[in-house]
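Worksheet for the structure shown next.
By convention in this document, chain letters (A, B, ...) are assigned in the order of the sequence lines, proteins followed by strands, and residues within each chain are numbered from 1. Below, each value reflects all heavy atoms present in this structure, side chains not excepted, and no hydrogens, waters or symmetry copies.
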Amino acid sequence: MLQRIYGTAFWKKKDLDEYLHRLEEAKKRDHRVLGKQLDLFSIYEEAGPGLVFWHPNGAIIRQEIEKWTEEEHRKRGYQRIYTPHIMKADLWKTSGHYNFYRENMFFVPVVEHDEEERLGNDEVPLTCEEIEKAHWYAVKPMNCPGHILIYKSQVRSYRDLPLRFFEFGTVYRYEKSGSLHGLLRVRGFTQDDGHIFCRPDQLKEEIQGVLDYVMELLSTFKLDYVINIGTKPEKYIGSDEAWEHATQALIDALTERGFGYNIVEGDGAFYGPKIDIAVLDAIGRKWDGPTIQVDFNLPERFDLTYVDRDGQKKRPVMVHRAIMGSIERFIGLLIEHYAGLFPTWLAPTQVVIIPVSDKFLDYADEVYRKLKEAGIRVKLDDESAKVGYKIRKAETMKIPYMLIVGQKEQESGTVSVRSKREGDLGAMEVSQFLDKILTEIKEKL
RNA sequence: GCCGGCUUAGCUCAGCUGGCUAGAGCGGGUGACUUGUAAUCACCAGGUCGGGGGUUCGACUCCCUCAGCCGGCACCA
């Protein structure tokens, strides 16, 4: 009989202590725990593993991030598009996903059946016969084919390039059960997905544009990261010259911007080299998010062309890129990164007003209206409970600001400000507080 | 998917080697209290113990199986 024993060893007691401390810290920041505590999202056994339900609080965070992302894309010359969630299986044969990615895909059979027979029978979804006769759709695991169809919808001139399409593309992938992890690894997620169609000579500049955007994201959220370049794998398509050109474009783009990077030999996709940027979580684990991938394969498979200056049809280069990667994963990382205490612009509830007793409800309501009118996400805690209890509730929910109002404040027309970050800030005029918080929101502090 | 562990109330968890009507705290409801910077008190309602099957006089407890979760591996945004 064999008995397997697992263990983790440390050279010094201090290393072990640090490790244990880090685990404890990570537990406090765990996005799955905070997600429940802050009422952000949930996942249900009965709905399916890896499928996320965004609660009102989580939805606010997501919407704020999407708003920001959408605006950044617009500024950077992207055109927003929408594509369907299911498409015919044949399309995925053309794209090659059916062949290479089938085991990760969800399929939808379309069946003609006798409605009478089906009524009241939910035991067997499909008979073997029906499966044989069904024609199949696939739920999209990626957004590229949809973007490509739009590219192909008209003849493109070299003057049209680069063409940059952007979509919040929700995709579904049947990830192995053991790899699922809260929001960080799910089966249904939304990519901030974009595809750039350009001429080969535009490649480096386009990559730099994406890189600049990624850096804007990482600095806005103050995230730590590592940059990796994945080069030509053993199995690949496309000419060696094309690989050489594209890989060099990635390297040059990074070097000219002064970024360090690791080369991961053979880690490129079979269709082209890529830059992956891994974001670090609370315990230092790396999660790929931002990605820039050059693709020689799909333009070929879908026979994409543009008419060049000389009147000849030429093949465009395609760049797949995601800035956050997946919104689910990105928010998961943010929850851990901020330990649930979101910057004010993202906080689901930005301010809670706490009247000392019911006697001050009228004044509290007056303050509430003023903030509401200024566009602040504000709540009035009108429960007949002690101040200490209400403060505790707000602290637990990690609300950035509490405004305590009682006799003093009502008489002087002020509010007592308690900041989650800065502690007790004392009494101020409502307008003074508004200036402070509105600046904070605008500056994304 | 693989290896190991786990699954009891909305949440976090008790429940000894199988044996009376399965417990607590938080949360929820009701009432009282009218409160000054991290938990006021009392009462009440919530569970076919993850699903299915088996062993047994008897299963939350033992076995099988399915599902889900957790940790790790492998794979990926």
**Asked** Tell me: CG of A/Leu51 to P of B/G68, nearest whole Å?
**Response** 11 Å

**Prompt:** Which nucleotide in the list B/U34, B/G71, B/A77 gets nearest to the side chain of A/Glu175?
**Reply:** B/A77

**Asked** Which base, if any, makes a Watson-Crick or G-U wobble pair with B/G1, both distances under 3.5 Å?
**Response** B/C73

**Message:** Working to the nearest 0.5 angstrom, can you tell me the gap between A/Glu175 CD and A/Glu103 CD?
**Reply:** 10.0 Å

**Request:** Calculate the interatomic distance between A/Leu184 atom CG and B/C70 atom C1'; express it in whole Å.
**Result:** 14 Å

**Item:** Distance, C1' atom - from B/U34 to B/U40, rounded to whole angstrom
**Value:** 11 Å

**pair A/Lys140-A/Thr83: side-chain heavy atoms closer than 4.5 Å** = yes

**Item:** Atom P, compared across B/C16 and B/C57: separation rounded to whole Å
**Value:** 23 Å

**Asked** Taking the side chain of A/Arg32 as heavy atoms from C-beta outward, which of B/G1, B/G71, B/G36 is closest to it?
**Response** B/G71

**Item:** Among B/U34, B/A38, B/A77, the one nearest A/Glu395 by side-chain distance
**Value:** B/A38

**Message:** Would A/Lys386 and A/Tyr389 count as a cation-pi pair here, with the cationic atom under 6.0 angstrom from the ring centre and within 45° of the axis?
**Reply:** no

**Message:** Would you say A/Gln293 places a side-chain N or O within less than 4.0 Å of OP1 or OP2 belonging to B/A77?
**Reply:** yes

**Request:** Describe the nucleic acid contact of A/Glu46 in one word from base, sugar-phosphate, nothing, applying a heavy-atom distance below 4.0 Å.
**Result:** nothing

**Message:** Considering every strand and a 4.0 Å limit on heavy-atom distances, what is the contact class for A/Val186: base, sugar-phosphate, or nothing?
**Reply:** base

**Message:** Under 4.0 Å from OP1 or OP2 of B/C26: is there any side-chain N or O of A/Arg392 that close?
**Reply:** no

**Prompt:** Can you tell me the Watson-Crick or wobble partner of B/G19, both distances under 3.5 angstrom?
**Reply:** B/C57

**Asked** Quantified in whole Å, what is the C1' atom distance between nucleotide B/G10 and nucleotide B/G18?
**Response** 30 Å

**Asked** Quick one: is A/Lys36 getting a side-chain N or O under 4.0 Å of the B/G10 phosphate, OP1 or OP2?
**Response** no

**Request:** Starting at atom OH of A/Tyr225, determine the distance to atom P of B/A77, rounded to an integer number of angstrom.
**Result:** 20 Å

**Asked** What is the ring orientation for A/Phe166 with A/His73, classed by angle as parallel under 30°, tilted 30 to 60°, or perpendicular over 60°?
**Response** parallel

**Prompt:** Relative to A/Tyr172, does A/Arg187 satisfy both conditions: NZ or CZ under 6.0 angstrom from the six-membered ring centre, and within 45 degrees of the ring's axis?
**Reply:** no

**Item:** Out of B/U37, B/A77, B/A67, whichever nucleotide has its closest atom nearest the side chain of A/Arg173
**Value:** B/A77

**Item:** Nearest listed nucleotide, side chain of A/Lys386, among B/U37, B/C76, B/U40
**Value:** B/U40

**Request:** Using a heavy-atom cut-off of under 4.0 Å over every strand shown, decide if A/Gly178 touches base, sugar-phosphate, or nothing.
**Result:** base

**Request:** For A/Thr291, report the nucleic acid contact type (base, sugar-phosphate, nothing); a contact means any heavy atom under 4.0 Å.
**Result:** nothing

**Asked** Mind checking who B/U48 pairs with, Watson-Crick or G-U wobble, both distances under 3.5 Å?
**Response** none

**Prompt:** Is A/Glu395 salt-bridged to A/Lys420, cutoff N-O under 4.0 Å?
**Reply:** yes

**Asked** Are A/His85 and A/Thr170 side-chain neighbours, meaning at least one heavy-atom pair lies under 4.5 Å?
**Response** yes

**Request:** Determine the interatomic distance between P on B/C6 and the same-named atom on B/G15; round to the nearest Å.
**Result:** 13 Å

**Asked** In whole angstroms, how far is the P atom of B/A77 from the CG atom of A/Asp193?
**Response** 11 Å

**Message:** Side chain of A/Lys420, heavy atoms from C-beta onward: which of B/A77, B/G71, B/A38 has the nearest atom to it?
**Reply:** B/A38

**Asked** In the structure shown, which nucleotide is the Watson-Crick or G-U wobble counterpart of B/U37, with both distances under 3.5 Å?
**Response** none

**For B/G31, glycosidic torsion class - syn if within 90° of 0, otherwise anti** = anti

**Partner of A/Tyr98 by ring pair (Phe, Tyr, Trp, His ring centres under 6.0 Å), out of A/Phe107, A/Tyr137, A/Trp136** = A/Phe107

**Request:** Determine the Euclidean distance between corresponding C1' atoms of B/U48 and B/A42; express it in Å to zero decimal places.
**Result:** 32 Å

**Item:** Side-chain N,O (A/Ser179) to OP1/OP2 (B/C75) below 4.0 Å
**Value:** no

**Request:** Could you state the atom-to-atom distance from CD1 of A/Ile43 to P of B/G50 in whole Å?
**Result:** 21 Å

**Request:** Decide, yes or no, whether a salt bridge links A/Glu422 with A/Lys436 under the criterion of side-chain N to carboxylate O below 4.0 Å.
**Result:** yes

**Asked** What is the distance, rounded to the nearest whole Å, between atom CD of A/Glu103 and atom P of B/C2?
**Response** 13 Å

**Request:** Pick base, sugar-phosphate or nothing for A/Val387, based on heavy-atom distances below 4.0 Å to the nucleic acid.
**Result:** sugar-phosphate

**Partner nucleotide of B/G27 by Watson-Crick or wobble geometry (both distances under 3.5 Å)** = none

**Request:** Under 4.0 Å between any heavy atoms, over every strand shown, what does A/Gly406 touch: base, sugar-phosphate, or nothing? Just pick one.
**Result:** base

**Message:** What's the gap between B/U8 and B/C49 when it is taken at their C1' atoms, as a whole Å value?
**Reply:** 4 Å

**Request:** For B/U65 versus B/C3, give the span between their P atoms, rounded off to a whole number of Å.
**Result:** 12 Å

**Prompt:** Whole Å only: how far is the CD atom of A/Glu45 from the C1' atom of B/U8?
**Reply:** 15 Å

**Closest nucleotide among B/U34, B/C75, B/U37 to the A/Arg185 side chain** = B/C75

**Asked** For A/Asp267 and A/Asp358, take the nucleotide of RNA chain B holding the closest heavy atom to each; which residue's nucleotide lies nearer the 5' end?
**Response** A/Asp358

**Message:** Applying a 4.0 Å non-hydrogen cut-off, can you work out what A/Ala385 is touching in the nucleic acid: base, sugar-phosphate, or nothing?
**Reply:** base

**Complete:** Atom NZ of A/Lys176 and atom P of B/C70 are separated, to the nearest Å, by 18 Å

**P-based separation of B/A59 from B/C43 [nearest Å]** = 35 Å

**Message:** Can you tell me if A/Arg418 touches the phosphate of B/A38, counting only side-chain N or O atoms and a distance under 4.0 Å to OP1 or OP2?
**Reply:** yes

**Prompt:** Can A/Tyr389 be classed as stacking with the base of B/A38, given a centroid separation cut-off of 5.5 Å and a plane angle cut-off of 30°?
**Reply:** no

**Fill in**
Of A/Lys359 and A/Lys274, the one whose nearest nucleotide on RNA chain B sits closer to the 5' end is A/Lys359

**Message:** Looking at A/His320, I'd like to know whether one of its side-chain N or O atoms comes within less than 4.0 Å of OP1 or OP2 on B/A77.
**Reply:** no

